[in-house]
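One is the number of the first residue; the rest follow in order along the sequence.
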Amino acid sequence: KRELLSTSDVFLFRQPAWSPDGKRIAVFVFRQEAQSTGKAFLDVVKLDGSESRRLLPDWKAMGQPCWTADSKSLIVSGVSTYSQPAKRFQLHQLALNNGADHPLTSDLASYTEVSLSSDGSQLTAIKTDSKAMVWISRPNDFAHGDTVPAEAERIPALLWSDAGHLVMNSRRNGFPNLAVLDVQTQSFSALTNEHFVEEGAAMVPGTSGKSVVFASNRSGEFHLWRFDADTNKLRQLTFGGNYDEHPSVTPDGHWIVYTSWAQNVPQLRKVSAEGGASEQIGGYHAESPQLSPDGNSDRKSTRLNSSHI
């Protein structure tokens, strides 16, 4: 054996694949900053050690690639957007001359373990569908109920907006947005409908189910946002470099308590339901707050998913 390539600017080599003629190796290259910026490269290395790199901006992850029969492109399963962590593995065809990405699939399934037939005319992959159901009990009968198709999310949203409607996640536009389910007709209507990720929603009391707070990456990082159906307007509530999630609204609708992650350490913060400067709650590590429904106490009423109560 012999060393073909050695470089000091590379943090990780992944998924090498020989070309059909055995004269080149395609490999995905990650520099150190790729962990935070998503900047990966497709590197094609010849047997004499020469190489040529194509930038794959914003790519998050990729599986084992396959060369096409004409050696002009690669078929690969991967997540081609680092800024959309909820995206699933899709099939892509990457041109070797310039790294151009041609998506082959774009749906709710996940595709892995790609393989091409010996003549290069057929492609196969394992297709995994994530299926979930929402179970809704019958009125005043918690032992029996009915199910409605839903999507399985990392941090799902599921809450009553009023007696006949649920707010929940929906990927009907390809992204985990929010939708309203009519319990009687089992029909959906979009609450948000853009290419962003929405997680962990909470209703704002006193708005007749027309205002909802949720975490979203609409500004790049995950922060808290508020949507008001009456005005059809979105408002960003939290800012900064932390990762904000799991909002819980006080019974009077004035404050939102939430988890804010700073360098992988969770803390509780609160912000006005109208937005503004946020305040830290306590000096301990905690996450996933829940507020008491009576509203008779302040910070002590916050139940923490931690060693503190």
Review point. Is a side-chain donor-acceptor pair under 3.5 Å present for T105 with Q90?
Key: yes
Check your understanding: Side-chain heavy atoms under 4.5 angstrom apart, residues restricted to Ile, Leu, Val, Met, Phe, Trp, Tyr: same cluster for F188 and L166?
Key -> yes
Review point. Shortest non-hydrogen contact from F196 to N177?
Key: O-ND2, 2.9 Å
Check your understanding: Less than 4.5 Å apart, any side-chain heavy atom of T207 and any of R226?
Key -> yes
Practice item. State plainly whether one hydrophobic cluster holds both W18 and V114, where clusters connect Ile, Leu, Val, Met, Phe, Trp and Tyr through side-chain heavy atoms under 4.5 angstrom apart. Key: no
Point to revise | In one Ile/Leu/Val/Met/Phe/Trp/Tyr side-chain cluster, 4.5 Å: Y111, L123 | key: yes
Review point. Just by distance, do the side chain of N242 and the backbone of D244 share a donor-acceptor pair under 3.5 Å?
Key: no
Practice item. May I ask you to test the L91-S77 pair for a side-chain heavy-atom distance under 4.5 Å? Key: yes
Point to revise | CG on L55 to CZ on F41, rounded to 0.5 Å | key: 5.0 Å
Review point. With clusters built from Ile, Leu, Val, Met, Phe, Trp and Tyr whose side-chain heavy atoms come within less than 4.5 Å, directly or transitively, what are the remaining members of the cluster of L237, listed by chain and number?
Key: V204, V213, L224, V249, I256, Y258, V271
**Study point:** Where A157 and A201 come nearest, the two heavy atoms and their spacing
**Key:** CB-N, 3.8 Å
Practice item. Any chance you could pull the hydrophobic cluster mates of L159, using side-chain heavy atoms under 4.5 angstrom and chaining through other members? Key: V167, L178, V180, L191, M203, V212, F214, W225, F227, L234
Review point. If every non-hydrogen atom of S117 is compared with every non-hydrogen atom of D119, which pair is closest and at what distance?
Key: OG-OD1, 2.7 Å
**Study point:** Point-to-point distance, once rounded to the nearest 0.5 Å, from NZ of K46 to OG of S52
**Key:** 7.0 Å
Point to revise | Residue from K210, R235, K233 passing salt bridge (charged side-chain N to carboxylate O under 4.0 Å, His left out) with D228 | key: R235
Review point. What pair of heavy atoms forms the shortest contact from A109 to K127, and how long is it?
Key: CB-CE, 3.6 Å
**Study point:** Hydrophobic cluster partners of I126 (side-chain heavy atoms under 4.5 Å)
**Key:** none
Point to revise | Heavy-atom side-chain proximity of P289 to T259 below 4.5 angstrom | key: yes
Revision key, fill the gap. Heavy-atom closest pair (L116 atom, W67 atom, distance to 0.1 Å) is CD1-O, 3.1 Å
Check your understanding: Is it true that the side chains of E198 and S216 contain a donor and an acceptor less than 3.5 Å apart?
Key -> yes
Point to revise | Distance-only donor-acceptor check, side chains S278 and R269, under 3.5 Å | key: yes
Point to revise | Least distance between heavy atoms, G253 atom then A273 atom | key: O-CB, 3.2 Å
Review point. How many angstroms lie between OG in S73 and CG in L96, if you round to the nearest 0.5 Å?
Key: 6.5 Å
Check your understanding: Hey, what do you get for NZ (K270) to OG (S260), rounding to the nearest 0.5 Å?
Key -> 15.0 Å
Check your understanding: Is the closest side-chain heavy-atom distance between H223 and R218 below 4.5 Å?
Key -> no
Point to revise | Gap between atom OG of S170 and atom CG of N193 - 0.5 Å precision | key: 8.5 Å
Review point. Can you find a side-chain donor-acceptor pair between W261 and E287 that sits under 3.5 Å?
Key: no
Exercise for review: Report whether M168 and V148 are members of the same hydrophobic cluster (ILVMFWY, side-chain heavy atoms less than 4.5 Å apart, transitive linking).
Suggested key: yes
Practice item. For the residue pair F89 and T128, establish whether any side-chain heavy-atom pair is separated by less than 4.5 Å. Key: no
Check your understanding: Hey, does the side chain of Q184 reach the backbone of Q186 with a donor-acceptor pair shorter than 3.5 angstrom?
Key -> no
Check your understanding: With a 4.5 Å heavy-atom cut-off, do V44 and R54 have their side chains touching?
Key -> yes
Review point. So, do N169 and E199 sit near enough that their side-chain heavy atoms are less than 4.5 Å apart?
Key: no
Review point. For the atom pair CH2 (W135) and OG1 (T147), what is the distance rounded to the nearest 0.5 Å?
Key: 10.5 Å
Point to revise | Check: L181 and I136 side chains under 4.5 Å, non-hydrogen atoms | key: yes
Check your understanding: Would a hydrophobic clustering, with Ile, Leu, Val, Met, Phe, Trp and Tyr connected at side-chain separations under 4.5 Å, put L268 with W255?
Key -> no
Exercise for review: Applying side-chain hydrogen bond (donor to acceptor under 3.5 Å, both in side chains), run through S71 and S19 and close with a yes or a no.
Suggested key: CA-CA 7 Å; S71 296; S19 62; 5.5 Å; no
